[in-house]
2 protein chains.
Amino acid sequence: MTAPPDDLATRGTVDAETPLAHHPAGHKDELRLWLRLLATANLIEGEVRRRLRAAFHTTLPRFDLLAQLHRAGGALTLGEISRRMMVSNGNITGLAARLEAEGLVERRVSEADRRAQWLRLTPKGRREFSRQSAAHEEWIAEIFAGLAEEERAALFRLLARAKQSAQAALAEDTA
Amino acid sequence: MTAPPDDLATRGTVDAETPLAHHPAGHKDELRLWLRLLATANLIEGEVRRRLRAAFHTTLPRFDLLAQLHRAGGALTLGEISRRMMVSNGNITGLAARLEAEGLVERRVSEADRRAQWLRLTPKGRREFSRQSAAHEEWIAEIFAGLAEEERAALFRLLARAKQSAQAALAEDTA
DNA sequence: GCCGAACAGTTTAGGCTTCAACTATCCGCG
DNA sequence: CGCGGATAGTTGAAGCCTAAACTGTTCGGC
């Protein structure tokens, strides 16, 4: 357990010489907020992954992809799916391949644009997703059952604000 | 395996004054809340990953492990790190190996318990983490800059409630 | 003293994810 | 027409992550 406390580089990194900033040492709150947001999301996500695996031998990305097709109500191109899931292109290639191998989705090359491929649920895929989706909704409800409705509403609203704030920072970064 | 479908409405959350916009077992609100929580966390996490890579050629898990060692102020065993980071054991094996190969951490077999290994920052590791940590804190502050202080406080509190609720659901699941 | 349970860490197999380089196709414009 | 830039998707390398099986060590009880 014992180790010499270092104190070489650890102190004096930030708060030593900030020239008249508004909050000289004031970014710790944001950090704690972020760590808690991350921990909460990871906790829930991990549990959902475990249950998807235990109950249906599937994974969250697979479930997500089926959900996108279900929500779209028809076929989507791989590119459109990757945009909606906010993941890379190459990611969808492998994911779609696995789902196709399981017989849950079908692929067809677009006739209008021979670069593109349409993906859609098979009947089996629809059945599977239907079962998974119902269970998933129950799990989520269970996980958030400890919050009162007004707490959930407030959290929902604040998350929108946080997302908005983050997107602003992202845009600024790219600019 | 699935819980009885009731019991949520009986907690006095929904039935008080639902403006009949939903089905009897309408868990859609919780689902939307979860999707937004996940999207927000993923958005920010992705941006942090990109910046860590661009600015320091490193990754979030590496940074996290260094942060754990820094926060502990000394050496930690691999098992203790895996508990604090809430990831699996085998995960830390590889992560620690990569950080050791980069000269950022040092390993030593415990003398008291020859199964265990102590991990601690090297001087180089301390220097690196110090630089990364300062930038990281700035990024997070920037990302949450769009929220007023009272919004951040409210969000912080509600996330604690959500985490608590999720943990209760988890515990019930294992029981 | 010994045995079995618990524990620390490693390994393996499989999956997810990104980035970057690549192929094939499309489309606008000269 | 034909060329060059954009676009759709694939591939490969690298890393992250888990669950499960495994090795070696410790420790409590008999």
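Chain identifiers are assigned alphabetically (A, B, ...) following the order of the sequence lines, protein sequences preceding nucleic acid strands; residue numbering begins at 1 within each chain.
Proximity of B:Val48 to B:Ile44: side-chain heavy atoms (C-beta onward) are separated by under 4.5 Å at one or more points. Counting heavy atoms from C-beta on, the side chains of A:Trp34 and B:Glu45 come closer than 4.5 Å.
The stretch residues 62-73 of chain A comes close to DNA chain C through A:Arg62, each having a heavy atom under 4.0 Å from the strand.
In this structure, the CD atom of A:Glu102 is 9 Å from the P atom of C:dG15, given to the nearest Å. Following rounding to the nearest Å, A:Leu52 (CG) and D:dC17 (C1') show an atom-to-atom distance of 16 Å. Whole-Å rounding puts the B:Ile81 CD1 to C:dG9 P distance at 9 Å. Atom-to-atom, CD1 of A:Ile92 to P of C:dC19 comes out at 14 Å; the value is rounded to the nearest Å. The CG-P distance, from A:Leu60 to D:dC16, rounds to 20 Å in whole Å. One atom, CG of A:Asn91, and another, P of D:dG15, lie 18 Å apart when rounded to the nearest Å. One atom, CZ of A:Arg108, and another, P of D:dG9, lie 14 Å apart when rounded to the nearest Å.
One hydrophobic cluster, built from ILVMFWY side chains closer than 4.5 Å, holds both A:Leu159 and B:Leu31.
Residue B:Thr77 is classed as a sugar-phosphate contact, given heavy-atom separations below 4.0 Å to backbone atoms only. Among the heavy atoms of the strands lying under 4.0 Å from B:Thr93 is at least one base atom, whether or not backbone atoms are also near. Contact annotation for A:Ser110: no contact, since no heavy-atom pair falls under 4.0 Å across all strands.
A cation-pi geometry, defined here as NZ or CZ lying under 6.0 Å from the six-membered ring centre and within 45° of its normal, holds between A:Arg36 and B:Phe156.
Residue-environment remark: CZ (A:Arg53) stays at or below the threshold of 12 foreign heavy atoms within 6.0 Å.
Two rings, from A:Phe63 and A:Phe56, have their centers 6.0 Å or more apart.
Looking at which nucleotide of DNA chain C each of B:Arg50 and B:Gly94 is closest to, the 5′-most match is held by B:Gly94.
The pair A:Glu80-A:Arg84 meets the salt-bridge criterion, with a side-chain N (NZ, NE, NH1 or NH2) lying under 4.0 Å from an Asp/Glu carboxylate O. Ion pair A:Glu106/A:Lys124 not flagged as a salt bridge, since none of the NZ, NE, NH1 or NH2 atoms sits closer than 4.0 Å to an Asp/Glu carboxylate oxygen.
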Open item on the list: Output one letter per nucleotide in nucleotides 20-28 of chain D: B when a protein non-hydrogen atom lies under 4.0 Å from the base, S when only the sugar-phosphate is that close, - when neither is.
Closed with: ----BBS--

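The backbone N or O of A:Ala41 sits nowhere less than 3.5 Å from a side-chain atom of B:Lys163 that would complete a donor-acceptor pair.
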